[in-house]
Structure formats: structure tokens, C-alpha cells
Trainee: 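Structure below; questions to follow.
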Amino acid sequence: EDTGGAATSDELCADKSGAGPKIGLAYDIGGRGDHSFNDLAAAGVKKSLDELDATCEESEASAQEPDSAKEERLRTLAEAGFNPIVAVGFVYTEEVNKVAKEYPDKKFAVVDGFAEGPNITNLVFSVEQGSFLVGVAAGLKTKAKHVGFIGGARGPIIDPFAAGYKAGVAAVDPSIKVDMKWLSDKGDDKAFANPSGAKTAATALYDAGADIVFHASGLSGGGLFDVVSTKPDGIWAIGVDSDQYQTATPEQQKHILTSSLKKVDVAVFDFAKAFKDGTTKPGYDLYDIKRDGVGYATSGGFLDDVTSKIDEYKAKLVSGDLKAPSKL
Amino acid sequence: MTMAPEELRPAGAPSAALVPRRRISIWVWLLVGLVLISAVRVLTGANEVDSAGTMRETVNASVPIALAALAGLWSERAGVVNIGLEGMMILGTIGAGYFGYWYGPWAGIVGAMVFGMIGAALHALATVYFGVDHIVSGVAINIIALGAAAFLADTWFSGLRGGGPTQSPPLDAPLSITLPGISDAMITLQDKHWFIISDLASLVAAVTTELSSMTVLAVILIVGSALLLWRTGFGLRLRSCGESPVAAESLGVNVYRYKVIAVLTSGAIAGAGGAFIALVSSGIYQNGQTGGRGYIGLAAMIFGNWRPGGLVMGSVLFGYTDALQLRAGGEAVHALLILVAIILLGVAILQFRRGLKIAATTSLVIGVGFAVWFFTTDTVPADFTRMTPYVTTLLVLGLAAQRLRMPAADGLRYRRGQAG
Amino acid sequence: MTQTMAVRLRGIGKSFPGVVANHDVDIEVRSGTVHALVGENGAGKSTLMKILYGVQKPDEGTIEIAGDQVVLHSPADAIQHGVGMVFQHFMLADNLTVLENVVLGGEKLYGIGDKARAKIKELSDSYGFGLSPDDMVEDLGVGQRQRIEILKVLYRGAKIIILDEPTAVLVPQEVESLFGNLRELKAQGYTLLFISHKLDEVLAVADGVTVMRRGTTVAAVQPKDVTARQLAELMVGSELPSPSTEDSTVTDDVELSVENVTLAGAGERNLLDDVSLRIHRGEVLGIAGVEGNGQTELVELVMGIRPATSGRVLLGTEDITTWSTAARRNAGIGYIPEDRHRHGLLLDFPLWENRILGHQDRPPTVRGPWINKSGARKDSQRIVDQFDVRTPSIETTARALSGGNQQKFIVGREMSGDPVLLIASHPTRGVDVGAQAAIWDHIRDARRLGLAVLLISADLDELIGLSDQIQVILRGRLVGEFDPDTVTPEQLGSAMTGAGEEE
Amino acid sequence: MGKLDLRRIALALAAPVLAIVVALVITCLILLAAGSSVSGFLSTIFSVPAERNVINILNNASILYLSGLAAAIGFRMNLFNIGVEGQYQMAVFTAAVFAAQGWLPGPINVIVSIILAMLVGAIWASIAGVLKVTRGVSEVISTIMLNAIAVSLTAYMLRKVGVSTGSNLATEEIPRDSWVGGIKLLSGAPNELLGLSLLAVLGGIGYAILLNRSKFGFALRATGTSASAAVASGIDVRRMVVVSLMISGAVAGLIGLPLLFGNSHSYGTTFQAGIGFAGIAVALLGRNNPIGIAFGALLFSYLTEQSNLLEINAQVSPDIVAISQGVIVLAVVIAYEVVRRYRNALEQRQVAAELSTSAPSEATPEATR
Ligand SMILES: Nc1ncnc2c1ncn2[C@@H]1O[C@H](COP(=O)(O)OP(=O)(O)OP(=O)(O)O)[C@@H](O)[C@H]1O
Ligand SMILES: Nc1ncnc2c1ncn2[C@@H]1O[C@H](COP(=O)(O)OP(=O)(O)OP(=O)(O)O)[C@@H](O)[C@H]1O
Ligand SMILES: [Mg+2]
Ligand SMILES: [Mg+2]
């Protein structure tokens, strides 16, 4: 049974018979199986294979590789005839800038990117909005009036999660305390692949009295779920990016309140579809709450009692009456 | 490859050999430390400084480092410098990941030790039989291990439910032990925040709450190694290979064999350290999860003067500061500032009495600096707390390193038939 | 002579790459006797003994111990057969205790605990060794270390004891007490095989003597049948050169004066205590002393390697107390260190690069901030020719040279650039007679030209023969001045051990 | 002599070649065991690199080379400078911030930035040096700690001065007039040789001259092989430790500059890390010899570049190449060790032969008897 992430079947791109778009997929470190945005991107491609008769090829970055290796990955895909090419992660921005010029008749997409060119689409997400909503959920559900946050590293990647979350909690009740822990100084392994650090941080947060902890720390989050699964009922964790309830163990599921969703899969599929239809647009393709590109998960049904309240906030975000901050 | 400190001793400083051997028991040190920390806690009100939670995290952070250090001890006591510890730990994590996933946590530990030993076998082959520079071999092993673990993870874990090319599925941790009665009582006592008593209580609470059986195993390994190395003929032979292999050879000791045994044991223990990281700390295998703990372990061993008691202190020092910054953050680290200031003042007095005027002045100035920092601020910015373990290690080594003495033949090439 | 043979070696041969260390060696040693093995440097004595002790495997020949033919794979086998060996260079781990050094490898005998401690005490007491099991070896002097070595052998119950040059580092009194021990052991039925270059000693203590030359045994004689001189001729085939001073060349100009220098140690005692001495141009000042009494420190102090705690050092009239080693060398101090491998040479560098060592601020080996390769090469060749350094070329690494040739090269280098002061620490230690004579000649020649020499040596004959003045150093202090023309080694010996003080 | 030299050259070359072959065999065995495609691996690794790959190989090799040089300077002194990583991170960060200010016009800005980077690298390294000589702290430990501290420090300062674009956080961009253009080496390649990769050439020449021709280099090598002999010959070993670590740090300061001025134009969270550690391996592989390190850097760079294609062409994880690289390092030293022993024996034999022909005079045994 295939549930580890959206697409962990080893043969994602094995079938080369499709007549649709030939998608070249360049992953960030971790690649498929990272239970995060790489997997989500793969899920989008999977859907494209199924629905657009697409074929694909994939390749992932390795740790501490030079920038030229990323360029090389893109070029190799381009030379091999793949079109469109999806680069997963903002780290590909500069490289796509360069390579897209060399292949003007191919289309490129960069997840989270900020590249510029007539054949480049940046798929970007208003993660602060999704985080705002899980912040609201936390604010509504906390009994201790005390919640926590674990971030991988300070900086523009994670700050929007933290800022949105904090604002969401405060929107419900400004007196609720929000404790924040950061795992690392840099977006390195210690930030996003450090479950033991997240364990320590989570234990500290719960010990200090928080009853809900939201993480935005990639693979490190496993440490949070480990800790929360040993806690009594009513102590919660909140996942990030995908609906992490779906990939959790049964003991953990009992404690996963919700997840802040970032629908990379949808964006990638949309892009592939647009390519097939010849409607790709250069510039930024923003996935925000209006488009349902970000949001919160309801699996487990733990939010059933407050869904309506959360959706009020959501409506305000959609209408623009409320703004989720992206800076701390 | 590192230079013998002999030629570098600051002018006028006595050689380690001449400093009278006055060994203060580890218990005395621990007691002094406890009193100091307790005093600081009461003074500053930063209770997280030694709460049971912090202590438990300290234990968890210290064990893998202590195992790495112990691994280093085995190897270096037999005269083989082992900078490949990091690699052997990495092999340990992947071994623990594979065997732990398929056959359970204990198989994971055994698998980790076997994998660590594979790396060690390579090191032994290169250094003992081929006389390769120990550092070169160690560095090579680190590279190989890093690549091998990444390659194997991709091969083994891709497509497994919950796994991926860079990580294993979640792993079961080996049994952990909680003594509920004691643990709860101690927590109550801790929360009274009494001088010394509450501190001791949190210490007891820490080791009676969710104590991993691997921690127990680590303690057994450390005590067992100390007894084996210092109380048995086997240990004497092994250590003699690090002190004077030619003397050992001239008395019929098969030096190669002991060196190989020592390095293999070193690999197994380092592998166990990797197992702890994968099975206990993380509950999962991930590429790069050792995070340089092999090197830190090496530092802890040097810090501990190549002795079991000392390396435990080094590991705990590092583990404590690391746990403290992550768990308790800026305020607790801020409380440490005054602790450091007090210690430095103490050191300055000792140095002054020994006639080391320049050193005493330096300590004094730095100590006053810390005190000023403490009194003029309320917290240490998070960015700096993360440096705590590293800065502390540097600071402490700066104060203590001159009294260190490594095994006399550590890192030296030895060929059979050199005796005479 | 119906006594059994303790050791019988037949037709032993052993070669190393390019060197035949032993060939056709035959030796017989009777049980319960003291047997001496003599021969020049490199004659193959140590190699032969290592073969008997299982460290080296012979290429050919047979070994019989107590009548049984044996094959020794390692020292463990030799120990099994009751053979023990005290090596030319001590085989002790400094960082371990006496007890640990002794029981190492023999843990099965009495364990490593109290039983072993008692046994060591018992042995030490019965031979008057005066060793305490829990002392650290690094704290002990040479004489004590040697006794540990002997104790190691006795502890294992060896019946045949090999001693490789046991007296080289001992003062006469210590030699006497060692021989006392040997006689005692002999009386108890032990067989002793010992190597020595000091032929008087050999004749005094041995029951039988075997002479080796160029890797093979050339004669087996009874001490009562030969004189020391005959023995020497058997060894080298020529007369032994001996150090002797010519007419005094001492001038009135003081070249080096050390004034009230004290060097503090870590413990209570000063390493050097109020040392004052003067050396004139053209004068050789010899320092006699048991090793470890401050000679090394004195030399390092004059060289600027250790700073004095108090006192002054003057070169000519210049106060050099605070000068660096480099400045002192540039001012004309030459330095022949006691340990040439550790302090005198870069073993893996070619000879011509070794020429630069210690002269890295002076022509002809350097030019400004650059190395002058051709200058260094040319001057190295000069040294090789002038000092008769036997080497295929100046591109050869120092390691490949024999000890005597290494030492000659160092002497040549340190005499380059017209030094005004030469510090010679054990300049002929471990070098063969030929090289020894050459080095003496060079020192004498330089002295005639006005060089001042500070000579440290454990070889009392060398000291007496070369010096114009001898000072004895004991526990960091200069305790007596002697005239080399009148002093005897025994007198020096008692001053060195402090026996004179107590009388 | 001539014949012998030929044999020596053959021996010296045999070692690395043998090592590479052994490493490949071992790698293939691992692939076989893992059930991966050996032929795919070999054909990918040995495929002729396209022109643009050649450029990549050269660029990365030059950066690795600088890193290798930095490490090698320490090794020659018997100092194990693990801190190259932290030194270059600190240096390139400082240079990026400084150069971005545009206080100075174009090329002068670049030159001053280079000097600044070297200075920062040197200062960061000198901490380890000073701790070693004054407090006896092993440089192995201190540089490990300093690496970690450098990571925190640069991250902290980056947050203070950096600007964020999308998810990226980086220092301000260097003004265009201070960009160092590339060199169009191969017409068919879209990419160019990094302008500042010439620093590697200069560094290599400087290193060779410094080491083999200068007094300082002699003192460095002397101290490295025998600190005790160096002390006795008047070399101030303590000063040498600090100075050589500083030089090592200064060279480390150069590592990031070709990328900074030629490619990224700013220092950000994604600036390439890990070059310092790779340099250690390259230096060891090249036996700290300027030409050897060049070979080592080219070999590592070649393998890494070719490994990019492994996943797409052969479905083999590129990590396998790290195994080959490590095995090569180990195999090379083992091979050299074997050769060294053989050479020593050769030399001893030569000496013995020399001695037996020139009959020693005073040691002739038959002289009197
Ligand atoms: N050099 C040595 N010689 C003999 N025994 C030793 C030596 N070093 C350590 N030991 C013993 O080995 C054991 C472990 O050593 P370690 O130094 O870790 O213990 P310790 O508790 O710190 O000892 P101490 O209290 O003396 O400082 C102790 O029993 C110690 O006495
Ligand atoms: N391990 C070895 N490898 C190569 N050559 C060796 C080795 N050991 C000894 N030799 C050579 O064998 C010869 C005999 O050496 P040996 O040590 O036996 O001489 P010796 O008679 O003990 O001299 P000395 O009086 O100086 O101690 C010398 O030429 C020496 O260089
Ligand atoms: Mg202790
Ligand atoms: Mg000998």
C-alpha cells in the first residue's frame, strides 16, 4: 500500500509511453520521500501522469553540491528533451535564470522561486495565511492559554510560518502565550533534518506548559510527533506542508490537530496542465488562500467543533479584511 | 599528524611530566559543579538551569558523545589516533536504521556495532598493517562512510512506507525505564526550588524518568572499559601499545593484535553511539544525523585527558550546554554567564597561587568580562546561545589543556621488529 | 669443562636490505657464567642478541637453549625458554608505573595486583634494587631504570639474561654495583650474556669472551689469557685511538660566561641552581655528570631553548640572556645535540637540506629570504669531503646514513661559518671508533683556532682526554672542578654521584 | 642514476594509478552487491564530458584546489587545520558585505575585498594558533569548535545585514562593475571559466615557491617533519604555528571568492558549503604537493561532475562516487606507503653498495693482525 508521502512508489517515472507533457523534475535535497515539498511536487507529477498522459524524469540534489551541479541537472533534463521542467525549491532560482535563457522554447517552473524570464513561472505560496489559520485553530483549542512553535531556522523561509501562526493565535486571544524555538541558525541539516533537536525543543515547550505545538521544520517535525504521542489526550501537535495526519502512526494521529497546508502538488499539476494547454504565464503564480493554494487540514476531525469559527477567519483572509503578516 | 605539544609548551610552563600528579576524583568535581550550579540557580532564579527536563536532555545529548569519546579512548590508548570516529558513527546510524527497522531495536544496536566495526577494520588495516598516517586514514573513512550511508539509505529505504532516499521509516526505540514513584516524588521536591536538595532531586528525577536502556548500556560500557583497561592484564597490554609499543613487543606482546582489537572495539562503540542517535535521539535514520558528534567526542576525550572519568566530564559539559541552549534558551544561558565568571575567578586565584601571573590575569580579565556581561543584560540572544557548547569547550580547554597528556606513542607509526 | 651449555648458536646468519648484520656466527655460553660479547659499532652484536631473544628471525643457523634446539617466533617464545633481555635502549613506558612495566606481558605469573607488587618488592629487596612498584618510570633516573629492566627479566624467571651495553650510561660506582648484582646472580645459577665496549670491565667480570667483527665471530677467549689491548686488537684489528689533549691553547679571552643562572622546575627543586662557568677561546670545558642532573637543561639554556629564571649568559661581552636561539646561532654558536635524530637532523630530507638546518639565516645556504640551493649543495659537498661522510651523494636522505656518518655531517655543519663557541653534547655517542677519532680531531683542530667548546659527555675517558677543565654537575649544581691531567674516572664518578659530598 | 630515476618515476605513477583502479573495483563490487548497474556506472563515469562539463570541472577543481592548498599548508607544519570550512565562510561573508558597499571603484573593490577576505580567514585561523601556542589547545578541537561558531556567527550577521528575496536571504548584490567576468574557454559551452579561478593558479605557484624556495618554507617543512629539530636549530616553532595557520587561513579566505565575484554576486543561505572539508581530502590525496593537489582536485571534481548524470543515465545514486573518492584517498596512501618502503630499501642497498666499494680505511680489520 502506497501511503508514505504522496508518491513513494519507486517507479514514478518508469512508464515512458505517455503522449502528454514530458516533465523533467529537479528536486531539492532529500528528493522524493522527504515527506515534504519534494514529495508534494512528485504527487503533482503523479497526477499529471494519470490525468494528462504525461511522462517524467526525476533527479535530486545532493548535500553541499556546487551550484553548477544544479545547472547541470536542469541542462541534462533539457537536453534529454524534457519540457516543461519543474525545479523544486527556491535554491534553483539562479540556475533556472541561467538555463532558461539557453533553452528559450522550453518552459520552466520554480517552486518557491523568484526567477525572471519569459519562459519561467514561479510557483509561490502564501504560507503565512495557512499558518494563520492553524494559529487560529490553536488559539481556539488551547486550554492552557499557552502554545508553542518550532522553526527550523530563522529567516525568510520559516519566518512567514511563525509570523502567520503568531498572528492567528493573537487574533483569537492576544493573551495567549506563544513560545518559539529555533533549531538552527541556517537552513541546514540541523534545521530541517534534526528530529532529535525537535524532540528536545518539543519536550521543553510542553514542559513549560504549552499544550499545542506547531512545527515548520521539515523532517525534524518527526521529533515533535514522537514527543506528542507519549502525551495524554488534549496535548496537540500541528503539522506543516502536507496533511501530516495522513502519514503519521496511529499513536501520533490522536495528537495531530491539523496541518498548515502548502499545496505544491496542486501547483505542479496546474502548471503541467497549463503547459499542455499552452497557457503558462511567466512571472509569479501565487497560490494563496483565495485559490485554496494554502489552507489547513481537518483530518481526524479534531477541529469539527471550531471549523466554522476558523472559516470565518478564512473568509476574512480571502476578502482581504484580515492580513496575515509574513515577517516576524 | 598533530604536533606533539612538547615543543610548543609556552616558555616557562612546566611540562606535564613534571606537574605533580594530584588526581581529584570525578565525584569531587561533580559535587563542586552541582553546588555552583545550584547557587547560580538560586541566585538568578533560572530554574531551567538544572531542571529534571534539562538534566534528562543533558543525559540524552551526552551519551552519544560519551560513546564516541569512549571509542576514541580505546583506539588512542592503543596508540591509534581515530579521527574516523565520525565515519564509524555514521556507519552505526545506517546499521541501526537497517537492522532496527527489520529486526527491532536490539538488532539495530548490534547491526550498528557491526557496521562501526567494518569502518574500524578498514582503519586498522590501513594504520596497523600498512602504517598509513592515522589522520589520512581517518579522513578517508569519514568520506567513505558518508557516501556509503547515503548510498545505502537510497538503496534500502526508498519506497518503504515512511522512508525515503535519505531517511529510514520510523524506528522503535529500545526499552526505556521509568520509576514512577521516585520520579514523581523527586519532581515535587525539585519544584520546591531548595538549594542543593532540589538540584539533587532533579538529577535523580532525570535518571528515573524515561531512562533509555541504551543509556544504561553506555554507562556499563564506560565503567566496564575503565575496569578492563586499567584493572586487567589485557588492559595493561593494550595501553602499553599506546605508551611504548617497542617495550610491549620486547616483552612478547603481539602489538598488532592489540591495536587491531582496540580499533575494532573503538568502531563497535562508535557504532553504538550512532545507534543511540538513530534509535533513541531521533527514532529514525537520516543522512547527516551524526552532525559532527564524532569530532565532538574526540574533543571530549582529549578534554578528559584520555581517561574514562575525564571523557565523561567532557561529554557532559558539551551535552549540558547543548541541551541547555535548545531547551531553556537565552535566560538559562544568561545564568551560565555568572557561573563562568565565578569559575574563571576561581581559576585565576589558583593560577595566581601557582605563580602563573599572566595566566591568572588573563583569566581574571575574561572572568570580569563575563560578570559585566551578566549584570548588564537579561538574556543572551538566541543566535549566541547556539554557540554555547562550542565556546564553552574552547574556554574550558584554554584553561585546562596544558595539563593534558596523551599516550606517548599515540599516532606514531609502529612496525613489527622495531624493538631494540 | 663438563658443564652444560646454556646457549649454543650455530652458523647464524641475518641480513637486512643491503646489510649483512650476521653471518656464520658460532657462540657457546656455559651455564652459570658471565659471558661477554665485544665488537665494534655495527659488528652485529645487538642483532645477534635480538635473534637469541626472538625479536629478529635468523635467515640461517640454529639456536640451542639448555641443550634443546628451538625456534623462536617472538620474544614470548624466548621468555618461555627462560631467556630475558635488557636492551641497549631501555624499553620502558614512561607513563606507566614500575609495577606496570614489570608485569606487562607476564600478567599470568602473579596477576597485576598485590601479588605482583609483593613479588616485585621481594625481588627488589633481595638484590638491593631499591625500587618501589608504584613509582612512575618517568620520575626515575637512568640507574633505576636499568634496574627495572633487570627486574623485568628476573620477574619472568629467566635463567639466561642478556644485557646489551648495560654500562654505557652508568657512572663507575653504578657500574660497580651492577657488577655486584651480576656476580650475585651468577652465584645463584643464572647465565649472563653481556655486551660492552669497555674492555676493562669485560675482563673484570666475564668468565668467557666472544669477539665479533664485521658480522661474524672471530675469536672466543678466556679473560685470564688476554689483555684489554689484545682484546681491542681482536675487535678492530688496529690500535684504539684515544682522546688526548695536546698543549693547552687556552687564551685569556672569555668567550662564554654563564653567571649565577637558575632554572626553576615544576617541583621544589631547581633544574639548574646558581650555575656559573666561563669558557675561554681555545678552551674545552667538560661537564661530567650522571644523566638527568641538568646537563640537558644547561645546554638548552645556553642555546636559548629554555629561558633562565634568573642569572645572565654572556657571549664575549654581549649579554645574550634574552636572545632567541636563532640570534645565538647567528652570533656564532654551533650546537651538536645529544640526540641527533630528534634534534640534529631532518631524517627524511636530503643531506643538502640538512645543511641549511640551523643556518637558515646565513650564507651560503640562503640568500635574502630565499634558499640558495646551489650554495647549500656546494657546501654540503664540502662537508662530505672534508669530514669524510660516507654517503652516495648529498641527495641521499639523512636517514639512510649510519649513525657515525650522520654525526660527522652534523659536526661538519656546526663547524661551518666559523663558530666562536661549540656546544657538543655527547658528540661521539654511538659512533664507531673511526668516526670517533675523526670527530675528536675536528674538535681539537677548531680549538687550536680559538674555538671555545662546552663538552658534555658520559664517556669519562673522552672528557678527560679532550677537556682543559672539567666541571661536575649534580642535581643542577656545579659541585666540583677538576684538572683533567690529574683526575681519574673514579674520582669523577664519586663527585658525580655525590659520594664525595657525603664523605 | 638515470635508469633508477625512470624506475622511481614509474613507481611514483604506479601508486596513484593502482589506487584509482582499486577504488573503481571496490566501487563496482558495492554496486554489484546493491544490485545496481555496474555498466551504467562505468559508462557514465567514463563518458567524455561535454564542453560545458569540462568548464564545470575546471571551475570546481580550482575552488577545491584553493581549499586543498589551505589544508596542505597546515599539514606541512603537522597542523591539522580542520577549520578551513569556517575560515572561508567567515571570509567570503565579509568580502561579500564589503564589496556590496561599492565604496571603491570596480577592480579596486575586488582587490581590496580579496585582501580583506584573506585577512579575515587569517584572523579566524589565528585564534586556533594562539590557543595552541599559549594554552596548548589542540588545533583539531579548536578548529572544529571555530567552524561551528562561524556557522552561527555568519548566520547571525547575515540576518542583520542581509536582504531577503523570496525565500532567499543574502547580502546585497555586489555592484556590477565589481563582477569578475568569466573566461570563454570553450566556444561550445554556455558557461565560462570563473575569472577568479586564476587565484588557484597564483596560489599554487605561490605555494610551490614559498615552500621550496623560501626560508620560511624551509622552516615550515622542517618544523613539520621534526619540531624538536626545528627548535634546536633556532626556528621559533610557536611563531611558525601561528603564522602558518594564518597563511592557511588566508588561503582559505580565497576559496569562496571565485563563486562570489563570478557567479552568485552575494553571500546567502545557499552559498556552497563543505568545500573546506573536501579540501582536506584533496590535500591528502595530493600529498600536500602543489601538483599533486591539482591532480587530486581535478580528479575529485571530475568524479563529482560525472556523478551528476548517474541518477538520470544509470539510476545509480550519485553518492556512490563519494565512496570511490574516499577509497581513492585511502588506496593512494597505502600504495605510496608500499612504494616508500620499497624505496627505502632501495636506498639502503645503494648506501651499502657504495660503502663496500670504497673500502673504509680505519675500520679495516686486517690492518695490524
Ligand atoms: N594511569 C593509571 N594507572 C592506574 N590506574 C588508573 C590510571 N588511570 C586510571 N586508573 C584507574 O582506572 C579507573 C578509571 O579511571 P578514571 O580516571 O576515569 O577514574 P576516576 O574515577 O576519574 O579516578 P580518580 O578518582 O582517581 O580521578 C579508576 O579506577 C582509576 O583509578
Ligand atoms: N632493523 C634493521 N634494519 C636494517 N639494518 C639493520 C637493522 N638492525 C641492524 N641493522 C644493521 O645491522 C648491522 C649490525 O647492527 P647491530 O645493531 O647488531 O650492531 P652492534 O654490534 O650492536 O653495534 P653497536 O655497538 O653500535 O650497538 C648494522 O650495520 C646495522 O645498521
Ligand atoms: Mg579521573
Ligand atoms: Mg648494539
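Below, chain A is the first sequence line, B the second, and so on; all start at residue 1. Below, each value reflects all heavy atoms present in this structure, side chains not excepted, and no hydrogens, waters or symmetry copies.
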Trainee: At a 4.5 Å cut-off on heavy atoms, which part of B:Tyr129 comes close to chain D: side chain, backbone, both, or neither?
Mentor: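 Backbone only.
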
Trainee: Could you grab the distance from atom CD of B:Glu86 to atom CD1 of B:Ile143, nearest 0.5 Å is fine?
Mentor: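 B:Glu86 atom CD to B:Ile143 atom CD1 measures 12.5 Å (nearest 0.5 Å).
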
Trainee: Pick one of side chain, backbone, both or neither for B:Leu152, based on which atoms fall under 4.5 Å of a heavy atom in chain D.
Mentor: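 Contact with chain D involves no heavy atom of B:Leu152 at all.
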
Trainee: Just give me the residue among D:Asn147, D:Leu153, D:Val338 that pairs up with chain B most often, heavy atom to heavy atom, under 4.5 Å.
Mentor: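 When all of D:Asn147, D:Leu153, D:Val338 are compared, D:Leu153 has the most.
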
Trainee: Can you find a heavy atom in the side chain of D:Val241 that is under 4.5 Å from one in the side chain of D:Leu79?
Mentor: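 Heavy-atom side-chain distance check passes, below 4.5 Å.
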
Trainee: I'd like to know which of D:Val151, D:Ile127, D:Leu330 tops the heavy-atom pair count under 4.5 Å against chain B.
Mentor: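 With the most close heavy-atom pairs to chain B, the winner is D:Leu330.
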
Trainee: Once the angle between the rings of B:Tyr256 and B:Tyr414 is folded into 0 to 90°, is it parallel (under 30°), tilted (30 to 60°) or perpendicular (over 60°)?
Mentor: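 B:Tyr256 and B:Tyr414: perpendicular rings.
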
Trainee: Heavy-atom distances under 4.5 Å only: say whether D:Ile82 touches chain B with side chain, backbone, both or neither.
Mentor: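 Looking at D:Ile82, just its side chain touches chain B.
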
Trainee: So D:Thr143 and D:Glu85, side-chain hydrogen bond (donor to acceptor under 3.5 Å, both in side chains) or not? Walk me through it.
Mentor: CA-CA 9 Å; D:Thr143 50; D:Glu85 183 73 20; over 6 Å; no

Trainee: Kindly list each side-chain donor-acceptor pair under 3.5 angstrom involving residues 389-399 of chain B, sequence neighbours excluded, with atom names and distances?
Mentor:
unit_1	atom_1	unit_2	atom_2	d
B:Tyr390	OH	A:Lys190	NZ	3.3
B:Thr392	OG1	B:Thr388	O	2.5
B:Thr393	OG1	B:Pro389	O	2.6

Trainee: For B:Leu350, look at atom CG and say whether over 12 heavy atoms of other residues, nucleotides or ligands are found less than 6.0 Å away.
Mentor: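 Yes, the 6.0 Å shell around CG holds more than 12 heavy atoms from other groups.
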
Trainee: Given the options D:Ile328, D:Leu146, D:Val327, which has more heavy-atom pairs under 4.5 Å with chain B than any of the others?
Mentor: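 Counting heavy-atom pairs under 4.5 Å, the top option is D:Val327.
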
Trainee: Listed by residue number, which members of residues 308-321 of chain D have a heavy atom under 4.5 Å from any heavy atom of chain B?
Mentor: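 Checking residues 308-321 of chain D against chain B gives D:Val316, D:Ser317, D:Asp319, D:Ile320.
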
Trainee: If you count the non-hydrogen atoms of other residues, nucleotides and ligands that lie under 6.0 Å from CZ in D:Phe295, is the total more than 12?
Mentor: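 Open.
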
Trainee: Heavy atoms only, distances under 4.5 angstrom: which of D:Ile30, D:Ile149, D:Val329, D:Leu285 has the most pairs with chain B? Name it, please.
Mentor: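 The answer is D:Ile149.
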
Trainee: Tell me which pairs pass side chain to side chain donor-acceptor pair (under 3.5 Å) where either residue lies in residues 137-150 of chain B, with sequence neighbours left out.
Mentor: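 Pairs touching residues 137-150 of chain B that pass the test: B:His123-B:Ser137, B:Asn142-B:Tyr295.
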
Trainee: Using non-hydrogen atoms and a 4.5 Å limit, figure out which bit of D:Ser36 sits close to chain B: side chain, backbone, both or neither.
Mentor: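 Interface part for D:Ser36: side chain.
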
Trainee: Determine whether B:Thr93 and B:Gln289 satisfy the following criterion, side-chain contact (heavy atoms from CB on, under 4.5 Å), listing intermediate values before the conclusion.
Mentor: CA-CA 8 Å; B:Thr93 55; B:Gln289 72 185 144; 3.7 Å; yes

Trainee: What part of D:Leu131 lies closer than 4.5 angstrom to a heavy atom of chain B: side chain, backbone, both or neither?
Mentor: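 Only the side chain of D:Leu131 comes within 4.5 Å of chain B.
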
Trainee: With sequence neighbours excluded, what pairs up with D:Leu42 under the side-chain contact (heavy atoms from CB on, under 4.5 Å) test?
Mentor: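 So D:Leu42 forms a side-chain contact (heavy atoms from CB on, under 4.5 Å) with D:Cys28, D:Val38, D:Phe46.
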
